[in-house]
Amino acid sequence: MGLFDLFSGLKTFAHGIHPPYHKDTADKPIRRLPFPAQLVLPLDQHIGKPAIPLVKKGQEVVRGEPIAKADGAFSVPLHAPATGRVRGIELMPTPKGPKSDAIVIDVYDGSTQEVLWKQPREMSELSPTEAIQAIQDTGMVGLGGAAFPSHLKLTIPEDKTVDTLVINGCECEPYLTCDHRVMLEHPQALMRGIRYAMRATGTSQAIIGVEDNKMDAVEILRDHLPKGGSIKVESVETKYPQGSEKMLIKSVLNREVPAGGLPADVGVVVNNVGTLAGLGRLLPEGEGLIERVITVAGPGIVKPGNYLVPLGTPIRHILEQVGYEGSRTEFILGGPMMGPAVSAMDTPITKGTSGLLVLNEPSIEEESHKIWPCIRCARCVKACPMHLNPSILGQMAAKRKYEEMAEDYHLNDCFECGCCSYVCPSNIPLVQYFRIAKAINREQAA
Amino acid sequence: MTESLSFIFLNAVLANNFVLALFLGLCPFLGVSGKLNTALPMGLATMFVMLVSSVSAYLINIVLVTFEIEFLRLIAYIAVIASAVQLVEMALKKLSPALFRSLGIFLPLITTNCAILGLALFQTFKEYNFTQSLVYAIGAGVGFILAIVLMAGLREKLELSTMPSITQGAAVSLMLGGLLSLSFMGFAGLGG
Amino acid sequence: MSTPETEVMQQPATPAGPMIRTLMGIAMLSGFLVVLTYQLTKPIIEENQRRAIEAAVFQVIPGAVARKDFVVNETGVVAVTAENPAEGIPIYAGYDQAGQLKGIAAKAAAQGYADIIYLLYGYEPECQCIRGIKVLKLAETPGLGDKIITDANFVANFDALDASLNDAGSDLANDIVTVKHGTKQNPWEIDAISGATISAKAVGKALNLSAKALLPKLAPQVEKLREDPPRQPPEQGEEQVN
Amino acid sequence: MSKKPTIELRTSPHAHAGGDVVRIMRNVVYAMLPICAFTIWQFGLSALALLIVVTATCMASERLFNRLSSQPSSLGDWSAAITGILLALTLPPGFPLWMGAVAAFAAVALGKALFGGLGMNAMNPALIGRAFVQAAFPVAITTWTPAFFEGRFTSFVPTTLTPPFLQPPVISDWVTSVTVDAFSGATPLALQKFEGVQMDTLDMLLGTTAGSAGETSALLILICGLYLAARRMLDWRIPVLVMLGAAVTAGIFFLIDPVKYPDPLFVLLSGGLMLGAWFMASDMVGSPVTPLGVVIYALMIGVLTVIIRLFGGLTEGVMYAILLGNAATPLIDQLTQPRVFGEQRAGK
Amino acid sequence: MDIEIVLNVSSAILFMGVLGLLLSSLLAFANKKLWVFEDPRIDEVESLLPATNCGACGSAGCRPFAEALIEGKVAPALCTVSSADNITEIADYLGVDSGDVVKRVARLACAGGSHVARMRAHYDGLASCRAAAVVSGGPKGCTWGCLGLADCAEVCEFDAITMDKHGLPVVESAKCTACEDCVEVCPKGLFSIQPVDHRLWVACKNLEHGDTAENDCEVACTACERCVKDSPEGLITIDDNLAIIDYSKNGLASRVATERCPTGAIVWLDDDRGVIKGTQAKRIIRKEALPI
Amino acid sequence: MSKIGNDNITWGTFSEGLWRDNPVFVMLLGMCPVLAVTNSAINALAMGLATTFVLLASGALISLLRHSIPKQVRIATYIVIIATFVTIVDYAIQAISLDLYNALGAFIQLIVANCMILGRAEAYASRNRPLKSFTNALGMGAGFTIALLCLGVVREVLGAGSLFGIDLFGPRFEPWVVMILPAGGFIVLGAWLLLFEWLKQRKERLELEAAAET
Ligand SMILES: Cc1cc2nc3c(=O)[nH]c(=O)nc-3n(C[C@H](O)[C@H](O)[C@H](O)COP(=O)(O)O)c2cc1C
Ligand SMILES: Cc1cc2nc3c(=O)[nH]c(=O)nc-3n(C[C@H](O)[C@H](O)[C@H](O)COP(=O)(O)O)c2cc1C
Ligand SMILES: Cc1cc2nc3c(=O)[nH]c(=O)nc-3n(C[C@H](O)[C@H](O)[C@H](O)COP(=O)(O)O)c2cc1C
Ligand SMILES: Cc1cc2nc3c(=O)[nH]c(=O)nc-3n(C[C@H](O)[C@H](O)[C@H](O)CO)c2cc1C
Ligand code: SF4
Ligand code: SF4
Ligand code: SF4
Ligand code: SF4
Ligand code: FES
């Protein structure tokens with residue numbers, strides 16, 4: 001237990017930052033938006049191998065029907081989020097940048113858009129392997145942002161033993177409230193999902209970590225806890241990046257995931273509340289993941305809120321529905337700390353998208369963009385939750401000393417949380433430097 | 001004047017630092033201070049050679065004085081020191097080729113480094129006895145290491161800075177040497 | 001463009017014989033050259049050194065034109081000659097044209113600002129005072145510490161710096177001390193140089209140490225110095241003053 | 001939607017803590033203004049002129065070097081102004097203006113421009129400037145004037161207006177003529193070191209002693225420094241640990257021989273220790289970034305200061321101690337890399 | 001002669017003799033015991049190499065390359081940085097064949113300068129292609145195209161790359177040493193190292209076709225297949241909406257293939273006349289950048 | 001390679017050391033005496049001449065003996081030869097003027113250890129005919145002396161207000177003591193190098209511009 005815990009009494013980790021949270025949409029219940037005319041479904045919405053299309057141009061699909069199958073174990077299938085006709089498989093913009101192959105569906109205007117394709121089953125009868133297969137069939141990936149296939153995460157490698165399931169309800173990114181709403185509105189689904197996951201991983205205890213700015217969610221979850229105490233709810237300090245799995249494990253279990261290691265190395269599996277709530281709902285129904293809750297917020301949004309949208313909805317459609325303003329705008333998929341900006345309004349919402357943030361002129365102008373030299377103020381050093389030295393890393397990156405960065409200064413332990421850039425008074429784009437450095441190192445190694 | 005051992009040591013390390021106050025051993029100081037991981041071995045090697053030369057000089061001086069041929073001192077010193085160092089060099093090449101490689105051409109430089117000969121001559125001028133000479137050599141060595149390591153640290157830092165094109169290279173090393181020397185002036189008179 | 005002599009390089013080819021022969025030969029040649037130079041320059045250098053010492057001695061003992069070397073030790077004052085080197089504190093006695101003892105010069109040293117300052121000072125038995133100093137070696141800051149040589153006010157301290165013995169003759173009556181510039185009140189005080197107090201203090205300390213060690217022993221023996229003035233005062237004229 | 005907006009592309013994070021280099025630097029300047037005002041009140045016109053000339057020369061040199069390296073002007077970041085003001089504050093109030101200009105030029109040229117400007121320098125520019133003139137003009141820089149002398153608002157100290165390249169006049173007579181009580185022309189430190197006289201603590205707190213322009217009132221410096229620390233413009237650990245290092249070292253010697261060595265409080269309040277600790281050692285550019293490194297660096301400065309003061313040839317050691325600390329910073333940084341999260345602890 | 005001098009002289013010579021004897025025997029002994037063989041030619045060859053340690057030769061640096069040369073493992077011409085004269089000199093010194101000295105240079109597969117290629121967003125950040133590329137692929141409409149932020153020009157140690165007024169890198173063939181640094185740094189993978197005699201060149205990487213491609217960039221390859229039809233069988237194929245040249249059939253290449261290209265995406269590189277577009281290529285007279 | 005095998009003595013053989021390969025400004029060799037004894041112009045000159053003498057004499061001798069010195073003892077041999085000539089200079093200076101001797105301190109003896117001399121012996125004298133290496137040594141010596149003078153003059157003028165001991169500015173001049181101190185030595189040499197680099201870059205820029213115009 002760190003010294004810090006003794007003082008605050010709250011569970012937390014060392015370093016990190018306290019950005020303004022702007023969680024204004026926390027009291028906005030989840031709403032549906034009208035369906036768009038067209039859905040764009042990139043085949044690589046998840047980490048791993050892209051899915052293989054099962055549909056042809058012109059083919060009709062119904063809501064919920066699988067339209068692409070998993071390419072082996074390291075992949076997940078894709079389901080049609082709406083009833084309509086396949087327009088084709090085309091190159092479309094994605095949040096990642098380069099255009100890539102996507103199934104484009106023209107949505108039928110008149111359809112009721114009911115889920116017409118499902119294979120309900122009794123979960124308690126499934127063997128663990130069957131359960132894992134069932135999870136893969138849902139197409140579920142981590143909804144916390146990484147979009148890592150859930151069935152893989154819940155498959156524990158043979159050489160590891162896992163004793164605890166940690167459920168990540170921190171939602172430490174400013175603005176975002178979708179996880180918060182899911183905890184408030186679907187506690188039963190969540191509990192169900194947790195039980196499935198515990199069964200799949202063979203763990204005996206589960207801890208839901210929730211930041212202490214969401215005490216209402218903590219209350220509700222406590223009310224729904226099953227008897228026996230196998231599942232616990234822990235409130236942790238509101239601090240960015242509390243939601244990062246390494247930090248959360250440190251906070252609730254005081255275990256440190258080794259550098260370069262996985263949570264499983266310390267006997268833990270971490271899942272996002274949205275992911276498990278989704279599994280809790282989808283698995284017994286035998287449905288696929290076709291929609292998700294996103295927070296639409298930011299100073300440029302007229303009607304901010306939490307919306308349930310079909311996957312593949314272009315952000316243009318959402319923005320037209322909720323209204324946005326500004327002549328120079330920044331569109332961010334996810335939270336302001338880690339979310340990527342998008343360069344085209346045709347970019348679709350994918351499985352990993354947890355929010356759509358719109359910043360317009362005033363919030364853009366607030367920042368001064370001039371990049372000064374590093375004045376070695378050490379603020380970044382004091383902010384980095386991984387205890388790296390972003391100051392020297394940044395200076396080395398500017399000189400393209402990428403290999404030395406990795407060898408001597410643990411570049412690869414940086415998980416790009418952005419704390420360093422956030423605090424840097426010199427406005428040095430540290431995270432961006434580190435991304436480049438890592439990318440180049442990866443290429444060199446390949 | 002008999003000087004206490006601690007005075008001899010501190011004086012050689014700080015106040016009369018061989019590099020920064022006496023201007024001895026500048027070539028390796030400027031040449032091998034670019035990287036910490038070569039500067040430190042270089043410093044250690046120099047200190048070692050200083051010890052070797054201090055002992056050899058002390059012994060050979062006894063011979064010179066006995067035969068009253070002090071006028072041969074310079075030749076005798078340098079020849080003995082050079083041979084001793086060459087021996088060390090050969091041994092190093094044999095025993096640790098890696099270390100030998102990293103010091104590259106600078107090993108021969110140590111042989112004929114002014115600091116080494118200067119040490120031998122100064123200890124004779126100051127009429128140090130054997131222990132005093134040894135302490136003096138260690139002090140001079142430590143002072144050299146201190147200077148070269150500080151310099152290397154600074155130069156590594158500068159490597160990350162955006163210097164104007166004309167100051168890149170030797171000029172900035174010299175200026176840094178000057179600034180270090182300015183800083184070491186604070187030690188002047190230490191112990192006096 | 002030479003073709004590489006690969007075969008030659010494969011082995012440490014040089015046998016020990018030529019190595020030893022060359023190095024020995026060169027070493028002997030060097031020895032010869034050096035000894036030759038040494039012998040050639042020796043008289044000149046010695047003459048230079050004698051002049052330098054003499055110049056210094058005559059400078060600190062006003063009026064002296066001849067000198068004689070002594071040492072002070074347990075047995076008293078002993079004259080030194082080439083044939084008779086004696087151990088002890090070396091002093092130089094200075095005599096005027098008439099062979100009258102004008103004073104005694106002795107060495108003193110103390111740690112200054114940068115390094116040890118070496119001095120020669122002239123003591124005059126008549127007034128029991130120091131009549132002049134000459135810095136033999138210093139490493140003080142040029143322009144600052146070397147004011148102990150150049151500063152006229154400071155040099156004036158040694159026109160007649162009191163160094164009288166106490167009644168018992170066992171010690172100085174008053175320690176020679178350096179005082180802050182502008183506060184000299186007693187004849188045994190040295191007025192420091194502002195900005196170079198440390199160097200100035202070193203001079204005071206050196207004089208005090210040396211005088212304390214030397215004068216009590218020397219005083220009873222002064223007569224002995226007068227006994228045998230040097231026969232022919234050397235020719236005068238080309239004194240070198242720094 | 002009427003008009004398609006221009007999409008801005010920016011990298012994450014899209015939020016920023018706010019506050020930038022300029023704001024930090026500007027606040028440092030604000031924090032020094034009371035000290036400047038006090039020194040002007042204490043020493044009058046000469047101090048004012050010195051502040052203006054030194055600061056102006058610093059800024060002019062900065063601009064000149066910008067030009068030479070065809071960079072945009074960097075005056076806007078205020079760091080040249082800080083260098084200038086701090087440098088002026090470390091000089092004796094009657095320091096000849098031309099020498100002040102030399103110091104300022106040396107500070108910017110040798111201390112900063114050479115290495116590429118803001119943030120790139122290895123050692124504290126203001127102190128480089130001072131160390132340069134300390135070595136170049138050792139007499140002038142140890143010529144002190146009394147505080148609150150008569151007529152300070154109407155006339156200059158005679159040395160102030162020395163024409164360029166000439167020696168300043170000797171002012172001991174002038175000093176006696178303007179002071180009522182016998183001013184010895186010595187700083188508290190010099191008095192202690194050379195005469196064994198210890199100055200009254202209150203005088204040193206309030207600044208009624210001789211000394212460099214900005215170092216005389218320990219109390220005021222403390223307050224201004226605390227302001228910056230409270231606004232997180234400087235790392236409070238550095239000044240506190242510098243003072244701790246100095247006090248402990250001084251305390252040890254004081255316990256060994258209270259007659260020969262000054263007491264720790266005196267050591268803390270005299271000379272430039274306060275100014276150095278709060279405004280110069282704390283310059284982040286020259287100090288380590290690692291948490292442990294900061295501790296080592298600050299303690300080292302404190303200890304070295306006292307060692308140089310007690311045993312060196314000079315009366316004051318803060319400047320050299322800080323410069324040495326700066327010089328050691330890259331090494332300290334390398335040796336004290338923090339344990340990265342998840343890295344195995346030794347022995348575990 | 002003075003006896004003292006004789007004594008002095010003889011003792012000096014004797015002493016030096018003894019000293020010389022002692023030292024040289026010591027060294028001779030050490031020489032036997034401690035000698036390590038190192039081929040002196042390594043130094044000589046290394047001194048003939050350019051000491052840029054660029055690694056273009058495939059060795060870790062100039063010295064390892066020199067060692068490999070001595071061992072005969074590699075041909076001198078692999079050092080692409082050395083001038084032809086230098087290489088011949090090394091080859092002569094080692095008495096080997098210098099190897100194949102075909103000049104190779106870096107070529108850029110994009111012609112979308114700011115006057116012809118559209119930006120879809122305004123990028124505000126670190127002025128580096130790598131940096132822009134990680135932000136949603138960069139601001140350029142064509143996500144395959146050159147971002148124009150000059151990473152390649154910056155990494156080229158030989159100053160072979162300059163940026164033209166439309167923000168496109170231009171390689172000065174004479175200076176290019178084929179070190180591949182630009183190839184590695186470009187986030188869009190637009191550079192490749194090509195022998196200079198590969199004159200038929202597709203200056204585009206856009207995988208869209210037809211209007212979609214042309215919308216983003218006026219000089220994009222629209223996959224219209226005219227070049228394929230106009231050239232000998234198999235020299236040019238269309239793959240993924242892009243013309244691909246099979247350089248194993250380079251001998252068949254001629255300017256004809258470029259003649260009817262409507263956008264001018266396929267070009268002929270001439271030593272004297274530079275880049276030659278086909279006669280039917282769209283004329284580009286705009287100088288200023290396209291609006292976002 | 002090519003310059004080693006070649007036996008012709010050209011202007012370049014001599015001038016190399018003056019400028020292109022100036023031992024001080026370009027090769028940064030023999031730094032210790034360069035910085036240590038250049039606090040006055042006269043010291044700089046004396047040191048320069050002394051070094052030149054040693055360079056010439058040892059260069060010539062080594063070049064003469066170059067074929068008969070086995071590789072393994074060459075360093076030892078060179079050093080002994082160099083030390084011999086240094087001792088000779090040492091005594092000569094003592095005989096000429098004790099004051100000068102004192103001013104130069106131990107640095108006359110330290111010429112032995114001047115890296116430049118051994119470096120030249122290794123790199124040039126041992127591979128070239130006596131006359132050629134003599135010519136080259138003359139150039140090197142001249143280059144060295146000039147460099148020393150460059151420093152000595154600046155340092156003496158600023159640091160003492162005099163040149164070759166002649167007072168330049170009158171008694172009211174305030175000397176810049178730092179120039180005579182070690183720090184000043186570093187800084188002045190650094191400044192010279194900066195100046196040369198600036199000139200070089202300016203020349204290159206002008207050439208580039210000229211080339212661009214044509
Ligand atoms: C800096 C950072 C912040 C994160 N914040 C959150 C968060 O607030 N909520 C969350 O669920 N996951 C967050 N994550 C992702 C978690 O580390 C982890 O991947 C996720 O909780 C795993 O659950 P999932 O696979 O169900 O998405 C964050 C990751 C990083 C690197
Ligand atoms: C993560 C997640 C969990 C959900 N859990 C439930 C659930 O437990 N019960 C339920 O009726 N709907 C659940 N839903 C589906 C939507 O909440 C449901 O479609 C929504 O309440 C529609 O409102 P309506 O029934 O008024 O149209 C879930 C959706 C998501 C994304
Ligand atoms: C570069 C430099 C050189 C100095 N050289 C000397 C010196 O040679 N002799 C000396 O006594 N003090 C020297 N000092 C020390 C100061 O001048 C010291 O403050 C002064 O001696 C104290 O005396 P004061 O009280 O008369 O000013 C030097 C100081 C510096 C910075
Ligand atoms: C707390 C603080 C202290 C500073 N102290 C100094 C100082 O002592 N000397 C100086 O030249 N600049 C100082 N600066 C300004 C700035 O950091 C300095 O000009 C840089 O060293 C130039 O690169 C300070 C700035 C801050 C924020
Ligand atoms: S982005 Fe990387 S370096 Fe920066 S604070 Fe986060 S983990 Fe540390
Ligand atoms: S926060 Fe920015 S300015 Fe401060 S040390 Fe880190 S990189 Fe440098
Ligand atoms: S070719 Fe690549 S690296 Fe060069 S400017 Fe274009 S995108 Fe950047
Ligand atoms: S970086 Fe590219 S253009 Fe420059 S030399 Fe290397 S291959 Fe040629
Ligand atoms: S001259 Fe090279 S080390 Fe001294």
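Heavy-atom basis, side chains included; hydrogens, waters and symmetry copies ignored. Note that the structure is a prediction, hence the values are computed from the model and not measured. Numbers restart at 1 for each chain; the letters A, B, ... are given by sequence-line order, proteins then strands.
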- Item | Contact class of F/Phe196 relative to chain B, heavy atoms under 4.5 angstrom | neither

- Check whether any side-chain heavy atom of B/Leu74 sits under 4.5 Å from a side-chain heavy atom of F/Asp90, and report yes or no. no

- Query: Between F/Ala83, F/Ala36, F/Cys32, F/Gly185, which has the largest tally of heavy atom pairs under 4.5 Å with chain B?
  - Reply: F/Cys32

- Structural part of B/Leu182 lying under 4.5 Å from a heavy atom of chain F: both

- Which residue out of F/Thr84, F/Val37, F/Val34, F/Ile82 racks up the most heavy-atom pairs below 4.5 Å with chain B? F/Thr84

- Message: Restricting to non-hydrogen atoms, name the atom on B/Leu26 and the atom on F/Phe186 that form the minimum distance, rounded to 0.1 Å.
- Response: CD2-CZ, 3.7 Å

- Which atoms of B/Phe125 come close to chain F, meaning under 4.5 Å heavy atom to heavy atom: side chain ones, backbone ones, both, or neither? side chain

- Task: Might you confirm whether atom CZ of B/Phe67 has over 12 heavy atoms from other residues, nucleotides or ligands at distances under 6.0 Å?
- Result: no

- Message: Show, in sequence, the C-alpha distance, side-chain angles and deciding distance for B/Leu174 and F/Ile187, and conclude whether the side chain to side chain contact (heavy atoms under 4.5 Å, CB included) test is met.
- Response: CA-CA 7 Å; B/Leu174 281 163; F/Ile187 292 174; over 6 Å; no

- By a 4.5 Å heavy-atom criterion (distance strictly below it), what part of B/Leu176 contacts chain F: side chain, backbone, both, or neither? neither

- For B/Leu30, is it the side chain, the backbone, both, or neither that has a heavy atom closer than 4.5 Å to a heavy atom of chain F? side chain

- If we only count heavy atoms from C-beta on, is the F/Thr38 to B/Phe23 side-chain gap below 4.5 Å? no

- Considering non-hydrogen atoms only, spot the tightest contact between B/Ala21 and F/Pro182 and give its length. O-CG, 3.5 Å

- Tell me, yes or no, whether the heavy-atom count around B/Glu70 atom CD, taken from other residues, nucleotides or ligands under 6.0 Å, exceeds 12. yes

- Task: Heavy-atom distances under 4.5 Å only: say whether B/Phe184 touches chain F with side chain, backbone, both or neither.
- Result: neither

- Message: Tell me if the NZ atom of B/Lys35 is crowded by more than 12 foreign heavy atoms within 6.0 Å.
- Response: yes

- Task: Mind ranking B/Ser183, B/Ser173, B/Ala115, B/Ala170 by heavy-atom pairs under 4.5 Å with chain F and telling me who comes out on top?
- Result: B/Ala170

- Item | Derivation and outcome, side chain to side chain contact (heavy atoms under 4.5 Å, CB included), residues F/Leu110 and B/Leu121 | CA-CA 9 Å; F/Leu110 289 178; B/Leu121 290 175; 4.2 Å; yes

- Shortest non-hydrogen contact from F/Gly30 toward B/Cys27: N-SG, 3.5 Å

- When you look at CD of B/Glu68, are more than 12 heavy atoms from neighbouring residues, nucleotides or ligands closer to it than 6.0 Å? no

- Query: F/Ala191 and B/Met175: which non-hydrogen atoms are nearest, and at how many Å?
  - Reply: N-CE, 3.5 Å

- Message: Looking at every non-hydrogen atom in both residues, tell me the closest pair between F/Ala183 and B/Ser181 and how far apart they are.
- Response: N-OG, 3.3 Å

- Close side-chain approach of B/Leu117 to F/Gln109, heavy-atom, < 4.5 Å: no

- For F/Gln201, is it the side chain, the backbone, both or neither that has a heavy atom under 4.5 Å from a heavy atom of chain B? side chain

- Item | Full working for side chain to side chain contact (heavy atoms under 4.5 Å, CB included) between F/Val86 and B/Ile78 | CA-CA 11 Å; F/Val86 171; B/Ile78 193 78; over 6 Å; no

